[in-house]
Engineer: 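Sending over a structure as structure tokens; questions will come in a sec.
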Amino acid sequence: MSENEKRESLNFIEQMIEDDLASGKNSFVQTRFPPEPNGYLHIGHAKSIVLNFGLAEKYNGKCNLRFDDTNPEKESTEYVNAIIEDIKWLGYDYGEKALFTSDYFDTLYEYAIKLIKKGKAYVDHQSAEEISAGKTNPTIPGIESPYRNNSVEQNLEEFEKMRAGEYAEGSCVLRAKIDMTSPNMHMRDPIIYRIKKVAHHRTGDKWCIYPNYDFAHGQSDSIENVTYSLCTLEFRDHKPLYDWLIDELEIFPSKQTEFARLNLSYTIVSKRKLLQLVNDGHVAGWDDPRMPTISALRRRGFTPDSLKKFAHKVGVARRDGITDVALLEHSVREDLNKKANRVFGIQNPLKVVITNWPEDKEEIMQAVNNPEDETAGTRDMPFTRELYIEQDDFLENPPSPRKWFRLGPDREVRLKYGYIVKCTGFKKADDGSIEEIYCEYDPETKSGQDTSGKKVKGTLGWVSAKHAVEAEIRLYDRLFKTENLNTIDDDFINHLNPDSLTIVPNALVEPSLKDAKAGDQFQFERQGYFIVDKESTDDKLVFNRTVTLRDNWSKK
RNA sequence: UGCCUUGUAGUGGAAUUGGUUAACACGCCUGACUUUGGUUCAGGAGAUUUCAGGUUCGAGUCCUGACGAGGCAUCCA
């Protein structure tokens, strides 16, 4: 039971770091988060961010934010800014400024020349198809390029011509000279520089040749003295190349370690597919609250803490699996339960007339803002003759009182912070729907000063008809109806959940919400957590449902 | 039929590095409390650690083999 008994178990990366620190192999921890600015960050990136920045915090090291911007065709400043906003929102400190691989283009160019001079790189004039064909396939040795043994002088000259724009795009590339027979395809003379006569979002027209990932990433890590370069599993095969280049270049020996990317049930985590959802209009944008992007999760009402907690709960390992979204949902509930003030919101209003309540009487009831946080205080709620409750809270023919705690003919419930009322009748509309119900309140049962001794099972939320504030509520459900989207054979678009968004245009919320501002978060009692959307206006409040409350009742 | 990574309750993920009844979390099920069918609290079910051999006093951990899963053959990252 003592403190030292509950020794926290380390994940394999922490284990490695502590071993390195202990053995003196490393004396500090430097990590980096290296997004390519070609899309928005999503929940999977959040895992990586928390891992990299979290490790730096834990071991008193540093974590750089470095944009891996070596492909000008796909990258833009819009994405850079969005990524920076997300990281700041998560609350991480990346030092003085964000770094860019493009800042190292001069150095990288020098590195290429060094490699050529060592006879370890050559300019290949074969077409893309020829190069690809030369690599053959993993089961048989590749074929050497006819340009492979050109002289250092010639390669130097031609590489300079590449840089000067004298060769057409696609006409030649710089290749590392390694081993065309390697069983590892990445070692079969990988392309390290290609011609792209495209302006770069930061360096403009300065360059018409750009290094590839393999000749940029590890080198940038090295330039930044990164000790732990953490990446996802699919880069495992690049590691020998990563090491080979650092070795040949004789630069700081950063080390790559792979971990499994996050897969989430009912969720797609692929930049390409997310882009498709946006482009094809399946969602309203990158920050559509149904998206798994960080900006969308923010708009949906997820907090930085909830995402961090989630990342820690998921853990880090080397085998890839699929995490249940329920864990994400649990993480927000856990956080918001402590932070969000409680209010009453009625999605589908049903009028209740308290027939024994005087016509014009208004009584002010005091409501607790957050039972989990005493400092949150209380608020006033006007109680009047005509109220609204949730339609779902009344049933004309309810099951037995043991199964149904809410209202029905002759049933009693408490209106929270108000009185216990008994249903004495109801009126139906022509179409058979319940138009309004009639109740009598018991004056002895006022909240806080109940002298009746009555006990009721049900407690309902309500809002005074006269004081209610209109609002639009957007109910979100999972974007996809299929649990594991990694194992489907058809187009993922076929798996979209048609009911992922339900708009409730005429909801009513309690008067205290009148001045709620975008970003304010609440728990609508018995319903879920909600956040005021950015599209909310003074005329019409708009709430996004972050997540429902846990519900042990509807499951039965 | 090449190479790399990886197989532990439904899911994620530990196991003092070869040591007794295989953590913990989510989910699920009971019960208690409750002016949220929430929260909290107490408890429970659920694993022949993919399989088959082997080494050992002792194997989830080591060895061999099989099988499964994922990745690698973009002038993407």
Side-chain angles (χ1 to χ4, degrees), chain A residues 6-11 15 34-36 38 68-71 73-75 124 127-128 131-132 135-142 169-175 182-188 191-196 210 212-214 216-217 231-240 258 260 262 265 271-272 312-331 333-334 337-338 342 344 368 371-372 404-406 413-418 420 445 447-448 450 455-461 486-487 523-528 548-556:
Chain A
K6 31 182 162 179
R7 191 176 56 92
E8 138 194 46
S9 65
L10 305 175
N11 64 47
Q15 190 76 253
E36 182 188 10
N38 68 342
D68 219 342
D69 54 349
T70 58
N71 186 357
E73 284 168 358
K74 296 181 177 174
E75 299 152 7
D124 193 335
S127 68
I131 290 176
S132 173
K135 287 183 181 175
T136 69
N137 71 65
T139 60
I140 56 172
E169 202 168 307
S171 65
C172 58
V173 292
L174 184 69
R175 287 229 255 173
S182 171
N184 181 340
M185 296 301 281
H186 298 282
M187 298 300 271
R188 318 251 267 219
I191 290 164
I192 57 177
Y193 254 100
R194 78 285 212 200
I195 299 169
K196 273 185 191 292
Y210 295 93
N212 283 57
Y213 169 84
D214 286 309
H217 199 97
C231 62
T232 44
L233 256 28
E234 67 268 30
F235 290 100
R236 177 61 246 220
D237 290 347
H238 293 247
K239 188 171 178 163
E258 313 80 29
L262 175 72
S265 60
K271 272 195 201 173
R272 204 201 92 236
H312 287 297
K313 285 175 204 276
V314 167
V316 188
R318 230 166 175 145
R319 62 166 153 157
D320 69 336
I322 182 161
T323 297
D324 192 339
V325 271
L327 190 61
L328 215 208
E329 294 169 352
H330 170 263
S331 302
R333 289 194 188 103
E334 190 179 37
N337 177 48
K338 297 279 186 244
R342 274 61 170 169
F344 291 142
V368 173
E372 304 290 322
W404 180 258
F405 301 168
R406 285 114 97 150
V413 297
R414 172 173 291 283
L415 294 177
K416 192 168 185 179
Y417 303 126
I420 288 178
T445 60
S447 283
D450 190 323
K455 282 281 180 191
V456 290
K457 268 299 215 176
T459 303
L460 307 185
N486 290 142
T487 56
Q523 180 197 103
F524 286 7
E525 294 213 23
R526 307 202 305 137
Q527 298 190 358
T548 61
L549 250 32
R550 242 179 97 215
D551 184 359
N552 286 318
W553 176 75
S554 62
K555 283 188 291 204
K556 293 179 183 173

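We name chains A, B, ... by the order of the sequence lines, and we start the count at 1 in each one.
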Engineer: For a quick check, tell me whether the side chain of A/Arg550 and the base of B/rG37 share a donor-acceptor pair closer than 3.5 Å.
Structural biologist: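 No such pair is found, so the answer is no.
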Engineer: Have a look at A/Gly458 and say if it touches a base, only the backbone sugar-phosphate, or nothing, with a 4.0 Å heavy-atom cut-off.
Structural biologist: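 Counting heavy atoms under 4.0 Å across all strands, no contact is made by A/Gly458.
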Engineer: According to the Watson-Crick and G-U wobble definitions, with both distances under 3.5 Å, which nucleotide is paired to B/rG19?
Structural biologist: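 Pair assignment: B/rG19 / B/rC57.
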Engineer: Between A/Thr139 and A/Arg526, who's closer to the 5' end of RNA chain B by nearest nucleotide?
Structural biologist: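 Going by which nucleotide is closer to the 5' end, it is A/Thr139.
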Engineer: Rounding to an integer number of angstrom, what distance separates B/rG27 and B/rG13 when you compare their C1' atoms?
Structural biologist: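 So the two C1' atoms sit 14 Å from each other.
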Engineer: Given atom NE2 of A/His217 and atom P of B/rA77, what is their separation to the nearest angstrom?
Structural biologist: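 It works out to 11 Å between those atoms.
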Engineer: Run the side-chain contact (heavy atoms from CB on, under 4.5 Å) test on A/His238 and A/His217 for me, step by step, so that the C-alpha distance in whole Å, both residues' side-chain angles and the decisive distance to 0.1 Å come before the verdict.
Structural biologist: CA-CA 11 Å; A/His238 293 247; A/His217 199 97; over 6 Å; no
Engineer: Mind telling me whether B/rU34 is syn or anti, cutoff 90° either side of 0?
Structural biologist: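 Here the answer is anti: the torsion falls beyond 90° from 0.
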Engineer: Assign A/Arg188 to base, sugar-phosphate, or nothing according to its heavy-atom contacts below 4.0 angstrom with the strands shown.
Structural biologist: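 The residue A/Arg188 makes no contact with any strand.
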Engineer: Applying a 4.0 Å non-hydrogen cut-off, can you work out what A/Gln523 is touching in the nucleic acid: base, sugar-phosphate, or nothing?
Structural biologist: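 The answer is base, as A/Gln523 lies within the cut-off (heavy atoms under 4.0 Å) of a base atom.
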Engineer: According to a strict under-4.0 Å criterion, is A/His186 in side-chain N/O contact with OP1 or OP2 of B/rC72?
Structural biologist: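 No, outside the criterion.
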Engineer: Quickly work out the A/Lys455 NZ to B/rU35 P distance and round it to whole Å.
Structural biologist: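 Rounding to the nearest Å, NZ of A/Lys455 and P of B/rU35 are 5 Å apart.
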Engineer: Distance check, P atoms only: B/rU61 and B/rA9, in whole angstrom units.
Structural biologist: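 Their P atoms lie roughly 14 Å apart.
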Engineer: In this structure, how many angstroms lie between the P atom of B/rA77 and the CG atom of A/Asp68, rounded?
Structural biologist: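 Distance, rounded to whole Å: 8 Å.
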Engineer: Is there a Watson-Crick or G-U wobble partner for B/rC67 with both distances under 3.5 Å, and if so, which one is it?
Structural biologist: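 Here B/rC67 is engaged in a pair, and the nucleotide opposite it is B/rG7.
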Engineer: Ring-plane angle category for A/Tyr417 and A/Phe344, please: parallel below 30°, perpendicular beyond 60°, tilted otherwise.
Structural biologist: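 If you compare the ring of A/Tyr417 with that of A/Phe344, the planes turn out tilted.
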Engineer: Is there a salt bridge (Lys or Arg N to Asp or Glu O under 4.0 Å) between A/Lys74 and A/Glu36 once you walk through the steps?
Structural biologist: CA-CA 9 Å; A/Lys74 296 181 177 174; A/Glu36 182 188 10; over 6 Å; no
Engineer: Once you round it to whole Å, what is the distance between P of B/rU35 and CG of A/Leu415?
Structural biologist: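 So the CG-P distance, A/Leu415 to B/rU35, works out to 15 Å.
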Engineer: Starting at the 5' end of RNA chain B and moving along, which residue's nearest nucleotide shows up first, A/Leu233 or A/Glu525?
Structural biologist: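 Result of the comparison: A/Leu233.
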Engineer: Heavy atoms under 4.0 Å, any strand shown: does A/Val314 hit a base, just sugar-phosphate, or nothing?
Structural biologist: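 Sugar-phosphate, no base atom in range.
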Engineer: Yes or no on side-chain hydrogen bond (donor to acceptor under 3.5 Å, both in side chains) for A/Asn137 and A/Thr139, after CA distance, side-chain angles and deciding distance?
Structural biologist: CA-CA 6 Å; A/Asn137 71 65; A/Thr139 60; 2.4 Å; yes
Engineer: Go through the steps to decide whether A/Thr445 and A/Asp450 satisfy the test side-chain contact (heavy atoms from CB on, under 4.5 Å), and finish with yes or no.
Structural biologist: CA-CA 4 Å; A/Thr445 60; A/Asp450 190 323; 3.6 Å; yes
Engineer: Nearest to the A/Asp551 side chain among B/rC4, B/rA14, B/rG37, which nucleotide is it?
Structural biologist: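 Shortest atom-to-atom distance from the side chain points to B/rG37.
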Engineer: Answer yes or no: does a side-chain N or O of A/Thr70 lie under 4.0 Å from OP1 or OP2 of B/rC76?
Structural biologist: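 False: A/Thr70 side-chain N/O out of range (4.0 Å or more) of B/rC76 OP1/OP2.
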Engineer: Can you tell me, in whole Å, how much space there is between the P of B/rA66 and that of B/rG71?
Structural biologist: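 My reading of the P atoms in B/rA66 and B/rG71 gives 22 Å.
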Engineer: Do A/Arg342 and A/Glu372 pass the side-chain contact (heavy atoms from CB on, under 4.5 Å) test, and can you show the C-alpha distance, the side-chain angles, and the key distance before you say yes or no?
Structural biologist: CA-CA 10 Å; A/Arg342 274 61 170 169; A/Glu372 304 290 322; 3.8 Å; yes
Engineer: Looking just at side-chain N and O atoms, do A/Arg414 and A/Ser447 make a donor-acceptor pair shorter than 3.5 Å?
Structural biologist: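 On atom types as modelled, these side chains qualify, holding a pair under 3.5 Å.
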Engineer: Determine the contact category for A/Glu36: base if any of its heavy atoms lies under 4.0 Å from a base atom, sugar-phosphate if only primed atoms, P, OP1 or OP2 are that close, otherwise nothing.
Structural biologist: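 Sugar-phosphate contact only.
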Engineer: Tell me what A/Gly170 touches on the nucleic acid: a base, only sugar-phosphate, or nothing, going by heavy atoms under 4.0 Å.
Structural biologist: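 Contact class for A/Gly170: base.
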Engineer: Sticking with atom P, work out how far B/rU11 lies from B/rC28, rounded to a whole angstrom.
Structural biologist: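 Nearest-Å result for B/rU11 against B/rC28 at atom P: 15 Å.
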Engineer: Mind checking A/Asp237 for me? I need base, sugar-phosphate or nothing, with any heavy atom below 4.0 Å counting as a touch.
Structural biologist: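 Base contact.
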Engineer: Is the base of B/rA25 touched by the side chain of A/His312 through a donor-acceptor pair closer than 3.5 angstrom?
Structural biologist: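 A donor-acceptor contact between them is absent.
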Engineer: Could a donor-acceptor pair under 3.5 angstrom be found where the side chain of A/Gln527 meets the base of B/rU36?
Structural biologist: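 Absent.
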Engineer: Kindly say whether, by distance alone, the side chain of A/Arg318 makes a donor-acceptor pair under 3.5 Å with the base of B/rU5?
Structural biologist: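 Result: no qualifying N/O pair found.
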Engineer: Looking at every strand, decide which applies to A/Tyr417 at a 4.0 Å heavy-atom threshold: base, sugar-phosphate, or nothing.
Structural biologist: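 Base contact.
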Engineer: Atom CE of A/Met185 to atom C1' of B/rC3: distance rounded to whole Å?
Structural biologist: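 Whole-Å distance recorded here is 10 Å.
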Engineer: Could you tell me how far apart A/Arg333 (CZ) and B/rU36 (P) are, to the nearest whole angstrom?
Structural biologist: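 Spelled out: CZ on A/Arg333 to P on B/rU36 is 18 Å.
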Engineer: Please determine whether any donor N or O and acceptor N or O are separated by less than 3.5 Å between the side chain of A/Ser447 and the base of B/rU35.
Structural biologist: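 Checked by distance alone, the answer is yes.
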Engineer: In Watson-Crick or G-U wobble terms, both distances under 3.5 Å, what is the partner of B/rC72?
Structural biologist: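 B/rG2 - that is the nucleotide pairing with B/rC72, both distances being under 3.5 Å.
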Engineer: Let's test your reading of the model: under 3.5 Å, does the base of B/rG71 pair with the side chain of A/Glu258 as donor and acceptor?
Structural biologist: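 Donor-acceptor pair under 3.5 Å: no.
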Engineer: Under 4.0 Å from OP1 or OP2 of B/rG38: is there any side-chain N or O of A/Asn552 that close?
Structural biologist: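 Checking B/rG38 against A/Asn552, a side-chain N or O does come within under 4.0 Å of OP1 or OP2.
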Engineer: Can a donor-acceptor pair be found, under 3.5 Å and without considering hydrogens, that links the side chain of A/Ser265 to the backbone of A/Val325?
Structural biologist: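 Judged by distance alone, yes, a pair lies under 3.5 Å.
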Engineer: Without decimals, in angstroms, what is the distance between A/Asn71 CG and B/rC76 C1'?
Structural biologist: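 Result: 6 Å.
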Engineer: Please report the distance, rounded to the nearest Å, between CD in A/Glu234 and P in B/rA73.
Structural biologist: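 That distance rounds to 11 Å.
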Engineer: With C1' as the reference atom in both, quote the distance from B/rG18 to B/rG54 in angstrom, rounded to an integer.
Structural biologist: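 Between the two C1' atoms, the distance is 15 Å.
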Engineer: Could you give the distance separating B/rC57 and B/rC51 at their P atoms, to the nearest angstrom?
Structural biologist: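 Pairwise P distance, B/rC51 against B/rC57, rounds to 24 Å.
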Engineer: Would you indicate, yes or no, if B/rU36 has its OP1 or OP2 atom less than 4.0 angstrom from a side-chain nitrogen or oxygen of A/Arg414?
Structural biologist: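 No, because none of the side-chain N or O atoms of A/Arg414 sits under 4.0 Å from OP1 or OP2 of B/rU36.
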Engineer: Side-chain N or O of A/Lys313 versus OP1/OP2 of B/rC24: is the shortest distance under 4.0 Å?
Structural biologist: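 Checking B/rC24 against A/Lys313, no side-chain N or O comes under 4.0 Å of OP1 or OP2.
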Engineer: Reckon A/Arg194 has a side-chain N or O less than 4.0 Å from the OP1 or OP2 of B/rA77?
Structural biologist: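 Answer is yes, contact under 4.0 Å.
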